[in-house]
Amino acid sequence: MDRTFFMPLILTEEQAMLRDSARAFLAEQAPVSQLRALRDSADPDGFSHTLWQGFAEMGFTGVLVPESHGGLGLGPVEAGVVMDGIGHQLCASPLLASSLVAVTALRQAGSAAQQQHWLPLLASAQAIATLAVDEGRKHTAQQFSTRATPQGEGWQLDGAKTLVLDGHVADVLIVAARVGDDPARTGLFLVSPQTPGVTVERTVMVDAHNAARVQLDAVQLGADAVLGTVEAGGPALAAALNVGRAAVAAELLGLADEVFDRTVQYLKDRRQFGKRIGEFQALQHRAAHLYTELQISHAASLKAQQALERDVTGATDAVALAKARAGQTATLAVQEAVQMHGGMGMTDALELGFFMKRARVLQELWGDSHFHLDALAQRQGY
Amino acid sequence: MSTVTADTTAQLAEFRRETRAWLQAHCPAEMRQPMTSEDDVCWGGRHAQFSSPAQRQWLQVMAAQGWTVPTWPQAYGGAGLNAEQAQILAQEMRALGCRSPLNSFGIWMLGPALLQFGTEDQKREHLPPIARGEIRWCQGYSEPNAGSDLASLATRAEDRGDHFIVNGQKIWTSYANHADWIFCLVRTDAAHKHTGISFVLFDMASPGVSTQPIVLISGKSPFCETFFDNVRVEKRNLVGPQGGGWDVAKYLLGHERAMIGSIGDREAAKPIGQQAADALGLDASGRLRDPLLRAQLAQFACDEAAFRLAMQRAADLGRAQQAHPAMPSMLKYYGAELNKRRWELMMAIGGSDALEWESDRSGHGHVARTWLRTKANSIEGGTSEVQLNVIAKRILELPNV
């Protein structure tokens, strides 16, 4: 890690103000009950269009888009602040997939014309873009079976993708594919879901957030389908995944904080055996331990955001640390939350279950803790 | 804490120049080498044994500058530096590799207590000899029956008018067998637990004082048992009011916890994963052969890196005045547990080589002794269980029983 990087590990005043206004907005516009309603009504789009437009008006959808393309021109710390707020309320929306990850891929690899076309649409929530990366049940390093074969002036895409966030509502898929025989050579391809050969199967997930499987059968694309150049694909994907992982870490910790706060309050309210259960030392110690883990993971998360701000391609270790820690801490937090709420914690009526389910998906997304710990160890030479 | 006015940038730059020049002129070359053994540490005292003329000289010139205690007022042997100047001095010393001229519980613990609670006479009597390294102090707090529950201490001080008569026993007194004076918590009122405690000072050479070193599971240690058999303590050596000793102790405990919490922060020469790779070798895929050990190392490295960031963040929050005052408890808790994990892993990496206890090859059992010594990290300075209690009560505001 960069030893000369001495920015204080705290939010600036502006970032703290954004955090407060984002939290207030989200608590009012998109409490957890909204996710419950989307789930119970089997909403076909899986998110509230009203909320999505509200995100655009607040500037969230343009947080990473340069001002010249209609965005706020802010960075990963501001994105993290918004994601933290989303974690507290479990707001389902295409923000992560489209506004953060897809935008990053476009900014890193897209040609001037591609950026000119897509960034304003994404920033204003007029279009949704999403990455199609994973191919099996576990996230792996860039080694794709999905192939892009040159076909005349254009390309043919063949393969299958899993866990494509917001895949069934996206206007454009950014598909990662191997180009040629070198497994390390990755290109990113802009694919309209309407293209013949593209099949998008919406998968209803445990966390009631959008995801899809995408099948690509002899999909014919023009020469301009490549995002920028083939050579730009690998680094752009790496940058986009890092931005996504850092954002996921922020959402995980916002979620963990929310269930922790609710649990501590429950310890103070719930009476059994003539006492508030928070008087029992066993519970006090577990709560204090969890608090400690949360504070430590928060430090790693902010560090990753700051590292990405400095260098979006060079922050891989910091991001891996944040994602690994956030996944583990959130897993502990939701586990303790359900346990300490007793029988009520197991009811669907209580909201804790939604948090536990969302945490599990986020832990899996773009590499779980094992993936990132292993990657860190490999890069450390053991 | 600035004293009078904040210095300008130009004044501070000038101070840095002067400081650097003085250090270069006065710090002996030998005192710029890293310390390699216990002998390199200078504790001072009436019976001080300097490992070399250079070590004695370094103490003397720094004491004359007031730089053994740079932020103390000049009247008490310090240099009256403000916070920025003190930081500059520390930076310049670090840059030149200058050793600390003096280790002293008098500086770290008693000094702050006297500055806060002492009378003018007490400050003038005791602080300058501390600053000059002439008097070496030890701390008399814990007793065999008063550890975590320190306030239940029973060493009795009977009020005899102009003096006390002290009877009892202390334990875990570091370097008591080398100390000249002791600052001690004693019970002046058996009827009231906290308000019956007083903070007194007395000479370890007083009749009735004896010490016994304690051998730990890790071998020799600086810890001692200290016995008091009708020891006379003059009333003028009472610090703070009679019955006000617990307030003094609480004030000092904050300092001690902050010190021990930095245990987990010592940066190893090589990351532990690389140490394992060097010692145990890698398989064809470039990974340690033992996947379970590898996983534990990876988890430890992750938690340690995150903990360092949390320490940095706590310091940044402190400077921005956003830190919770009970933060040190959180850091001490996690840092101590982390250190124990580190040395469990070091033993695993060391295998049977690390099991040697006395050979030169094993550095006189360095790895095994350190592994054992770290088991105290979660006990000393407030046990992990006590730290969790503090977090639960003061930060989470969970109810008292």
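So you know, we letter chains A, B, ... as the sequences are listed, proteins then strands, and number each from 1.
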[X] vs [Y] side-chain heavy atoms within contact, under 4.5 Å:
X	Y	result
B/Q274	A/Y382	no
B/R287	A/D374	yes
B/K393	A/Q284	yes
A/L302	B/L309	no

If you draw a 6.0 Å radius around [atom1] in [X], do more than 12 non-hydrogen atoms from other residues or ligands fall strictly inside?
X	atom1	value
A/K275	NZ	no
B/H324	NE2	yes
A/D20	CG	yes

Which bit of [X] is near chain A, if near means a heavy-atom gap under 4.5 Å: side chain, backbone, both or neither?
X	answer
B/D303	both
B/I395	side chain
B/A306	both
B/L282	side chain
B/E337	neither

Problem - Set of residues satisfying salt bridge (Lys or Arg N to Asp or Glu O under 4.0 Å) with respect to A/K268, sequence neighbours excluded - result: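 Applying salt bridge (Lys or Arg N to Asp or Glu O under 4.0 Å) to A/K268 gives none.
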With chain A as the partner, which of [options] has the greatest number of non-hydrogen pairs under 4.5 Å?
options	value
B/L396, B/I391, B/L288	B/L396
B/Q322, B/M327, B/E397	B/E397
B/L297, B/L398, B/D283, B/L280	B/L398

Which heavy atom in [X] sits nearest to a heavy atom in [Y], and how many Å separate them?
X	Y	answer
B/Y334	A/T292	CD1-CG2, 3.7 Å
B/C302	A/L321	O-CD1, 3.3 Å
B/A277	A/G381	CB-O, 3.9 Å

Exercise for the section: Would you confirm whether B/R313, through its side chain, and A/A299, through its main-chain N or O, come within 3.5 Å as a donor-acceptor pair? Expected result: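 Flag not set: sc B/R313 to bb A/A299 has no pair under 3.5 Å.
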Practice task
Report yes or no: does B/D316 contribute a side-chain atom to a donor-acceptor pair with the main-chain N or O of A/I10 at less than 3.5 Å?
Solution key: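 Not confirmed, B/D316 side chain does not pair with A/I10 backbone.
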Exercise for the section: For chain B, find which of A/L376, A/L267, A/I296 contributes the most heavy-atom pairs closer than 4.5 angstrom. Expected result: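 Looking at each option in turn, the highest pair count goes to A/I296.
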Practice task
Among A/E293, A/H372, A/H370, single out the residue with the greatest number of heavy-atom pairs under 4.5 Å to chain B.
Solution key: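 That would be A/E293.
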Exercise for the section: Check whether A/Q378 gets within reach of chain B through its side chain, its backbone, both or neither, counting any heavy atom under 4.5 Å. Expected result: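 When you check distances to chain B, atoms from both the backbone and side chain of A/Q378 fall under 4.5 Å.
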Handout entry: Rounded distance [0.5 Å steps], NE2 in A/H285 versus OH in B/Y333
Key =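 If we round to the nearest 0.5 Å, A/H285:NE2 and B/Y333:OH are 9.0 Å apart.
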Practice task
Starting at CG of A/L9, measure out to CE of B/M311 and round the result to the nearest 0.5 Å.
Solution key: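 Going from CG on A/L9 over to CE on B/M311, the span is 13.0 Å.
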Practice task
May I have all residue pairs that pass side chain to side chain donor-acceptor pair (under 3.5 Å) and include part of residues 327-337 of chain A, sequence neighbours excluded?
Solution key: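 Listed once each, the pairs are A/R286-A/E336, A/S297-A/T329, A/Q328-B/Q299.
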Practice task
Go through the structure and list residues passing ring-ring contact (aromatic ring centres under 6.0 Å, His included) with A/F371, not counting sequence neighbours.
Solution key: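 Counting only residues at least two positions away or on another chain, A/F371 forms a ring-ring contact (aromatic ring centres under 6.0 Å, His included) with A/H139.
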Practice task
Would you please test B/L388 and A/Q281 for side chain to side chain contact (heavy atoms under 4.5 Å, CB included) and show each step?
Solution key: CA-CA 9 Å; B/L388 288 171; A/Q281 197 182 53; over 6 Å; no
Practice task
Determine which residues belonging to residues 247-264 of chain A lie within contact range of chain B, meaning some heavy atom pair is under 4.5 Å apart, and list them by number or answer 'none'.
Solution key: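 So far as heavy atoms go, A/F260, A/V264 are the residues that approach chain B to under 4.5 Å.
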